[in-house]
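Just below is one structure, and these are the notes that go with it.
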Amino acid sequence: MRWSQTFIPTMKEIPSDAEVPSHQLMLRAGFIRQLMAGAYTYLPLGVRALKKAEAIVRQEMDATGALEVLMPALQPIDLFDRTGRKEAFGNVLINFNVRRGDRNVHLALGPTHEEVVTDLMSRHISSHRQMPLTVYQIQTKFRNEERPRFGILRTSEFLMKDAYSFHSSLESLNDVYQKMYRAYCRIFARCGLDYLPVEAESGPIGGDASHEFMIPAANGEDRIVFCKKTNYAANLERAETGRKAAAIVTSGDARPVAKLHTPNVGSIETVCKLLKCKPEKMVKTLIFLADDKPVAVLLRGDHEANEGKIRRALSVSRLEMADPATILEVTGAAVGFAGPVGIKCPIFADHDVPFVVNAITGANEGDYHLANVNVGRDYVLETTFDLRNAAAGDPSPRGDGTLELVHGIEVGHVFKLGTKYSVAMDAMFDDETENRQPIIMGCYGIGVNRILAGLAETRHDEQGLIWPLSIAPYEVIVSVIGANETETLTAADAFYGELMSAGVDVLLDDRDLRPGVKFKDADLIGIPLRVNFGGKGLKEGVVELKWRTSPDSERIPVTDALKSVLDQLARRRQSDAASLPSR
RNA sequence: CGGGAUGUAGCUCAGCUUGGCUAGAGCGCCUGGUUUGGGACCAGGAAGUCGCAGGUUCGAAUCCUGUCAUCCCGACCA
């Protein structure tokens, strides 16, 4: 493609409403433009990069034996009523009525396709002999995100690869799950991403096992913990802390309880400021309604509650923060002064709580706190639970190691769904013994746009984007220096033709601009290999090859230029391929 | 949905506090010229319902009310 013939609107300045690097750079480099919050147009460069990511996903999916299909984005709302996900998605599910003749038809725009694909397969599959079977599609999904943000990291319309597998046995599901897991590793590696597979919550989608594929990045919306030594990695939502229930004994250093006047000071932060203590010397008491019954959850002051863990520890299905009236009822005080001593509801404590000696807690009396509160003497615990988010510095749950905490961008997610959807939608098959069984399912998603966002977020410098060869919209840019000289332009044009004939994705910067402008633009859009063609070099019979990642350029006789570019590209592809995980 | 910020030319922003000349600058764009290896220089030019609606006033980009949009934090989120 000739630059003069395409549409690459680069910008020198950073648009004021872009904050994260991927958003700023993709705007400046002319990959995307915003239509509204959470909706972006992909310009020619953006589309080319997106298509390359798509092609890699497609190749690796095909290699697993998954079959490509294309399902409608428009879906009848009844499907979501049948699985209960109309309610689960709530406002996130975009749905509306349209008129057809004298009828109203209630439709949804697919946020994902479990319902549609289960409906499809329930009509097709009747025997165990027809499975395993895996289908996938690459298609636009719609979600009315409450708060779209960070440019293309979270949008209300996005390109997703979603795959669904169907099985007659758990062994078969596990087998395909492993295949998909390995395919995902290859996909993200081929895309040049530093990915981290982590144990994950399966969320409202249901099922009993799942992994997320994360790109560690400062602006990621998820938090993940990992331990290099023990190889443990998990989403913070589900990460174990590596702590265990220990014997509960009153410390020998226990001092007498003291009552402190703390007027209008209810939060951990303000109490610490007033009493000049550290949050880890406090025990905070959170009042929840667990299946509508009030319970107190004790945590060390610097720890965060994990509602999923609390729900599981208490074996309840519904858990919510208690309202002020309930808090007043069980503590006798307003919000902010709850404590374990004398509270009128069951107490559940995190593993770390008994180790806080001479703790500061709420006094269950407005404007008062207690100091020197100790387990055993002042309140009683039978055992402790894992109720909190893991934190940096916690021991690894997989042996001798320490957890680190980083932010991550979720680019992929694999689930073992089990029979949630097949039961809800009556998708059954006959097994070997002619027993009717619900089909066992798995599902596997990749956010294709997020591959680009993740790359832009993690691979850039002060000059601009740095695409890997596999995703770059063009592999090579030929920057013509002195494009106003007919001879130079003709020669560059011939060179560009040869590269194209050799199958290279090449962009010819034929614009009649000063060299500095062209170099800045080439760096900004992040093309891996640049050939400086013309100017001083050509008079001496050489062109210059410069990799985006290298500070120096290499001078090559113009007669060897084609061979050299092809050789270097081949070598780079080879070294990229060498480090890929096997299928 | 709660909190905060912003909206003036294609982009970045000034002007608003204390209402008053014809609403400005840089970049970009157009014309001409000089330049040509890391975002050149000179001269001339085009481009704006000051987000929108209402109000106060002799007079509103500026003050008031409402509204819309965007961004950030939180809640929520496969």
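Naming: A, B, ... by sequence-line order, numbering from 1 per chain. Since the model is a prediction, treat every value here as computed from it, not as a measurement.
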Notebook entry, point to check: Under 3.5 Å, is there a donor-acceptor pair linking the side chains of A:Asp162 and A:Gln137?
Noted result: yes
Give me, pair by pair, the N or O atoms of the protein and of nucleotides 9-16 of chain B that are less than 3.5 Å apart, along with how far apart they are.
residue: B:U12; atom: OP1; partner: A:Ser16; partner atom: N; Å: 2.6
residue: B:U12; atom: OP1; partner: A:Ser16; partner atom: OG; Å: 3.2
residue: B:U12; atom: O2'; partner: A:Glu13; partner atom: OE1; Å: 3.4
residue: B:C13; atom: OP2; partner: A:Ser16; partner atom: OG; Å: 3.4

Margin query: For the aromatic rings, using the six-membered ring if either is Trp, is the centroid distance between A:Trp3 and A:Tyr474 under 6.0 Å?
Written below: no
Note to self: Under 4.0 Å, counting only non-hydrogen atoms across every strand here, what does A:Glu146 touch: a base, just sugar-phosphate, or nothing?
What the structure shows: base
Check: On a whole-Å scale, what distance lies between the C1' atoms belonging to B:A5 and B:C77?
Finding: 24 Å
Next item on the list: Summarise protein proximity over nucleotides 29-38 of chain B in one line of letters, 5' to 3': B for base, S for sugar-phosphate only, - for none, counting protein heavy atoms closer than 4.0 Å.
Entry: ------BBBB
Check: Should we say atom CG of A:Asp461 is surrounded by more than 12 heavy atoms from elsewhere, each under 6.0 Å from it?
Finding: yes
Check: When the ring centroid of A:His413 is compared with that of A:Phe213, is the distance short of 6.0 Å?
Finding: no
Next item on the list: Would you indicate whether A:Glu554, at its atom CD, is surrounded by more than 12 heavy atoms from other residues, nucleotides or ligands within a distance under 6.0 Å?
Entry: yes
Item checked: Rounded distance (Å) that lies between atom P of B:A78 and atom NZ of A:Lys161 -> 18 Å
Item checked: C1' spacing across the pair B:A46 / B:G10, given as an integer number of angstrom -> 13 Å
Notebook entry, point to check: When the distance from CD of A:Glu145 to P of B:A78 is rounded to whole Å, what number comes out?
Noted result: 9 Å
Note to self: Distance alone, cut at 3.5 Å: any donor-acceptor contact between the side chains of A:Ser210 and A:Glu212?
What the structure shows: no
Next item on the list: Please state the C1' separation for the pair B:A14 and B:G7 - nearest whole angstrom.
Entry: 15 Å
Next item on the list: Using whole Å, report how far CD of A:Glu237 lies from C1' of B:A75.
Entry: 14 Å
Item checked: Integer angstrom distance from the C1' of B:G20 to that of B:U57 -> 12 Å
Notebook entry, point to check: For RNA chain B, what dot-bracket results from Watson-Crick or G-U pairs at under 3.5 Å, with [ ] for crossers and | for inter-strand partners?
Noted result: (((((((..((((......[...)))).((((((.....)))))).....(((((..]....))))))))))))....
Check: Say you pick atom C1' in B:C13 and the same atom in B:C50; how far apart are they, in whole Å?
Finding: 14 Å
Margin query: Output the rounded distance in Å from CD1 (A:Ile8) to P (B:G28).
Written below: 19 Å
Notebook entry, point to check: Just how far, in rounded Å, is C1' of B:C73 from CD of A:Glu221?
Noted result: 13 Å
Notebook entry, point to check: In whole Å, what is the span from the CH2 atom of A:Trp3 to the C1' atom of B:G39?
Noted result: 12 Å
Note to self: Centroid separation under 6.0 Å, is that true for the rings of A:Phe415 and A:Tyr444?
What the structure shows: no
Margin query: To check you understand the geometry: which heavy-atom pair defines the closest contact between A:Pro9 and A:Arg33, and what is its length?
Written below: O-NH2, 2.8 Å
Next item on the list: Using the P atoms only, state how far B:G26 lies from B:A9, rounded to an integer number of Å.
Entry: 16 Å
Check: C1' atom, B:C21 versus B:C71: distance in rounded Å?
Finding: 36 Å
Protein-nucleic acid N or O pairs under 3.5 Å, nucleotides 42-50 of chain B:
none

Show me, pair by pair, the donor-acceptor contacts under 3.5 angstrom made by side chains of residues 10-23 of chain A, not counting sequence neighbours?
residue: A:Thr10; atom: OG1; partner: A:Asp521; partner atom: OD1; Å: 3.0
residue: A:Ser22; atom: OG; partner: A:Glu457; partner atom: OE1; Å: 2.5
residue: A:His23; atom: NE2; partner: A:Tyr40; partner atom: OH; Å: 3.0

Exercise answer: donor-acceptor pairs, residues 480-492 of chain A side-chain atoms, under 3.5 Å, sequence neighbours excluded:
residue: A:Glu485; atom: OE1; partner: A:Thr488; partner atom: OG1; Å: 3.1
residue: A:Thr490; atom: OG1; partner: A:Thr486; partner atom: O; Å: 2.6

Margin query: Please verify the inter-ring angle class for A:Tyr195 with A:Phe188; under 30° counts as parallel, over 60° as perpendicular, anything in between as tilted.
Written below: tilted
Margin query: Can you measure A:Arg143 atom CZ to B:C76 atom C1' for me and round it to whole angstrom units?
Written below: 13 Å
Next item on the list: For A:Arg33, report the nucleic acid contact type (base, sugar-phosphate, nothing); a contact means any heavy atom under 4.0 Å.
Entry: nothing
Next item on the list: Mind listing the closest non-hydrogen atom pair of A:Glu114 and A:Cys443 along with its distance?
Entry: OE2-SG, 3.5 Å
Check: Distance between the C1' atoms of B:A25 and B:G15, in whole angstroms?
Finding: 11 Å
Check: Is the closest side-chain donor-acceptor distance between A:Lys416 and A:Asn174 under 3.5 Å?
Finding: yes
Next item on the list: Figure out the CD/C1' separation between A:Gln34 and B:U70, and round it to whole Å.
Entry: 7 Å
Check: Which of parallel (below 30°), tilted (30 to 60°) and perpendicular (above 60°) describes A:Phe89 and A:Phe80?
Finding: perpendicular
Next item on the list: Please confirm whether any donor atom in the side chain of A:Arg149 sits under 3.5 Å from an acceptor in the base of B:C71, or the reverse.
Entry: no
Note to self: Quick check: on RNA chain B, is the nucleotide nearest A:Glu410 upstream (toward 5') of the one nearest A:Arg147, or the reverse? Name the residue that is more 5'.
What the structure shows: A:Arg147
Margin query: If only side-chain N and O atoms count, and only distance matters, is there a donor-acceptor pair under 3.5 Å linking A:Asn144 with A:Ser156?
Written below: no
Next item on the list: Could you check whether A:Met36 gets within reach of a base, just the sugar-phosphate, or nothing at all, counting any heavy atom under 4.0 Å?
Entry: sugar-phosphate
